[in-house]
Amino acid sequence: MVQSSFIDALNSSMAVPVPPLSEISHAHPVAYFCAEFGFDTNVPIYAGGLGILAGDTLKQSADANFPMVGVGLLSRGFGMRQHITPTGEQIDQDWFFDPRSVGLENVYLDDQPLFVKVHLTEVVVWLRCWKKTFANGVVLYLLDSETDQNQLPERSLTQVLYCGTKELQLKQQLLLGIGGVKLLTKLGIHPAVYHVQEGRPAFLHWQLIRELMDTHKIEYESARRLAIEKTVYTNHTLVAAGNQSYSIDLLKVLAGYYAEKMHISVDELLKQGIDTDPAQFSVTRFALNIARKASGVSTLHSKLSQEQWPEYTWTNITNGVHFPTWQATSIAATQNTPHDLWQSHLQEKQNLAQFVLSHTGYTFNPNWFVITWARRLAGYKQMEMLFSDIQRLAEIVKRVDRPVQILVAGKAHQGDVQGKQLLKKIITYMQNELSGHALFVPNYNLSVAQALVRGSDLWLNTPIHGQEACGTSGMKAAANGVVQCTVPDGWAAEVDWSDKGWALTPNFTAENLYDLLEKEIIPTFYDRNHEDRPEKWIEMMQKTIDLSKQYTAERMLNEYQSKLYR
């Protein structure tokens, strides 16, 4: 909450006192701002783990009757469908969808469709508003520039998630932050807390300042400090792509209107985003400066964030996943009985084999040992490590007495040429040296992820140590008893894996991974009792499920309330 000395000092200079900040309630919810939200396979407005986390957070808030509204952008599915050619090339196909057909509704005010306008200094952009209603008053609002009031260049601003020129990306962020605050204000929603996910929505700060100045008749600096007290920020990655910088000259053009309305210079308005290079505006530095608290998403990530930005005080709230979405009901029901758990797992493996057949035209023997690597195809996640020595890998997976099936899923970003080239190389291996023992499952989305995290035997995670901020896919697999083999990064660095999985050394090599697979992991799976059950493996599955209970969205939301919001 606001320091009483600041409020007292501010009020002593004013004719009309500033009221204290509101407590969180249904009248004053948390406003959760994020560029992407993944809550439904048929609504392709997410790119990866951040969006899925945002969707899980809203679902958990609805389950818990916690006051929260989400604010995001309605991208239109351009390039969102992954098509793989017979030679292994990723083709980005459009996945156009009718918002109404997937359960989204227009937002109305006084029986009229609600529109908000955002000034980008030289142009005005109109945004129409959509909503997805969850339970208990939790609503996701989505801003959409595809409306007749705009000229064609402005109509396309929100269509493509994270794509386009630096100018286009920056304009998207301004529309999200400024337009989102305007939308909530028009609806009479006055949040107690604004939660900024990554830096992209941080320009909400400018609109908050303007509204505080107008409402309380105060000057810029006082309004700025009040806006900070209403805002918290979560960093989701230390990778450069998630911590954008933009030319300060470009910002000066777009910020001119707001500086004028606040009666300050553009330089004064932009100084909170200046880092080491005065010619660049750092969105992460800006987000840190406009929030009263900052959090990381795993213990290690928070520690590394503190080292990278030591002038701020960081708190840790490790991510969690929404169990009703990710854990199979059969696994939840049988987790305490080894025989029944194994039978449930075998059924989930059958389900996965059928799912893969329906998506690829190929299937596999579900009795084989199934290794899965599935996540966004970013370079630091090192998908190629599993395929570094293709001849040795082929020997491992093709043993007649203990065969292995490898499943890979993931999508390279539309502009990631190297990622697409790597994917083609891996698929070529699958078609040749690994034929019959490796499959790529295209178009990685919620449905694909659900099938994989429920029906795999081993979940493989191979990032460069220190760059996987959290890695929630492993949590989802763990909830289903899928045993982990992972670099101890992100959430995995918090776990003692000695009796429930395998930890790769931080600077592991492919040889280390192959030795572990060949000498420990695969033999453990195929070591069966007289009833053909792998007793030690099932025991590890049970311990993995027990571990996963520490990584629920319920626990995460509770920690948001106790550590970040209050």
Within a radius of less than 6.0 Å around [atom1] of [X], do more than 12 heavy atoms belonging to other residues, nucleotides or ligands occur?
| X | atom1 | answer |
| --- | --- | --- |
| Q149 | CD | yes |
| Q418 | CD | no |
| K166 | NZ | yes |
| E122 | CD | no |
| E260 | CD | no |

Can you tell me if [X] and [Y] form a side-chain donor-acceptor pair at under 3.5 Å?
| X | Y | value |
| --- | --- | --- |
| S25 | E23 | no |
| N289 | Y312 | yes |
| N243 | N235 | yes |
| Y551 | E494 | yes |
| N65 | H26 | yes |
| S295 | K563 | no |
| Q90 | D92 | yes |

[X] and its side-chain contact (heavy atoms from CB on, under 4.5 Å) partner, picked from [options]:
| X | options | result |
| --- | --- | --- |
| Q60 | T325, N558, L557, V138 | L557 |
| L142 | L176, T158, L104 | L104 |
| V193 | T231, V30, L564 | V30 |

(request) Carefully, step by step, assess K420 and E89 under the rule salt bridge (Lys or Arg N to Asp or Glu O under 4.0 Å). (result) CA-CA 7 Å; K420 293 179 180 180; E89 277 111 356; over 6 Å; no
Taking [X] for its side chain and [Y] for its backbone only, find out whether a donor-acceptor pair lies under 3.5 Å.
| X | Y | result |
| --- | --- | --- |
| Q207 | K182 | no |
| T41 | S447 | yes |
| N316 | S298 | yes |
| S156 | P153 | yes |
| D110 | Q112 | no |
| K186 | F115 | yes |
| Q272 | R285 | no |
| N150 | V125 | no |
| S22 | A192 | no |
| D56 | V321 | no |

Shortest non-hydrogen contact from [X] to [Y]?
| X | Y | result |
| --- | --- | --- |
| A469 | V297 | CB-CG2, 3.6 Å |
| A553 | H322 | CB-N, 3.8 Å |
| D214 | K217 | O-NZ, 3.1 Å |
| H465 | L300 | NE2-CD2, 3.9 Å |
| P201 | Q197 | CD-O, 3.4 Å |
| W314 | Q306 | N-OE1, 3.2 Å |

Report yes if some heavy atom in the side chain of [X] is under 4.5 Å from a heavy atom in the side chain of [Y]; otherwise report no.
| X | Y | answer |
| --- | --- | --- |
| H263 | Y220 | no |
| F97 | P44 | yes |
| V283 | E198 | no |
| L109 | V107 | no |
| T472 | W491 | no |
| P442 | Q82 | yes |
| V124 | W126 | yes |
| Y108 | L114 | no |

(request) Would you sort out whether H205 and Y194 count as a ring-ring contact (aromatic ring centres under 6.0 Å, His included), showing the intermediate values? (result) CA-CA 9 Å; H205 184 66; Y194 293 82; over 10 Å; no
(message) Counting the benzene-type ring for Trp, do Y560 and Y565 have ring centres under 6.0 Å apart?
(response)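 Centroid distance Y560-Y565: below 6.0 Å, so yes.
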(message) Taking the six-membered ring for Trp, are F203 and F286 closer than 6.0 Å centroid to centroid?
(response) yes
(request) Dump the intermediate steps for side chain to side chain contact (heavy atoms under 4.5 Å, CB included) on M213 and I209, then the final yes or no. (result) CA-CA 6 Å; M213 290 177 70; I209 291 173; 3.7 Å; yes
Gap separating the [atom1] atom of [X] from the [atom2] atom of [Y], nearest 0.5 angstrom:
| X | Y | atom1 | atom2 | answer |
| --- | --- | --- | --- | --- |
| Q159 | L73 | CD | CG | 12.0 Å |
| R155 | D148 | CZ | CG | 5.0 Å |
| Y162 | L50 | OH | CG | 5.0 Å |
| Q382 | R375 | CD | CZ | 11.5 Å |
| Q173 | Y246 | CD | OH | 4.0 Å |
| T318 | M475 | OG1 | CE | 6.5 Å |

(request) Would you sort out whether L174 and W206 count as a side chain to side chain contact (heavy atoms under 4.5 Å, CB included), showing the intermediate values? (result) CA-CA 9 Å; L174 290 161; W206 292 356; 3.8 Å; yes
(request) Show your working on side-chain hydrogen bond (donor to acceptor under 3.5 Å, both in side chains) between W95 and N443 and close with a plain yes or no. (result) CA-CA 11 Å; W95 186 353; N443 206 36; over 6 Å; no
(request) Please assess W130 against N106 for the test side chain to side chain contact (heavy atoms under 4.5 Å, CB included), listing each intermediate value before the final yes or no. (result) CA-CA 4 Å; W130 301 85; N106 277 124; 3.7 Å; yes
(request) Dump the intermediate steps for side chain to side chain contact (heavy atoms under 4.5 Å, CB included) on F33 and R200, then the final yes or no. (result) CA-CA 9 Å; F33 275 67; R200 290 179 174 91; over 6 Å; no
(request) Assess whether salt bridge (Lys or Arg N to Asp or Glu O under 4.0 Å) is satisfied between E229 and R225, documenting all intermediate values. (result) CA-CA 6 Å; E229 292 300 332; R225 293 179 64 180; over 6 Å; no
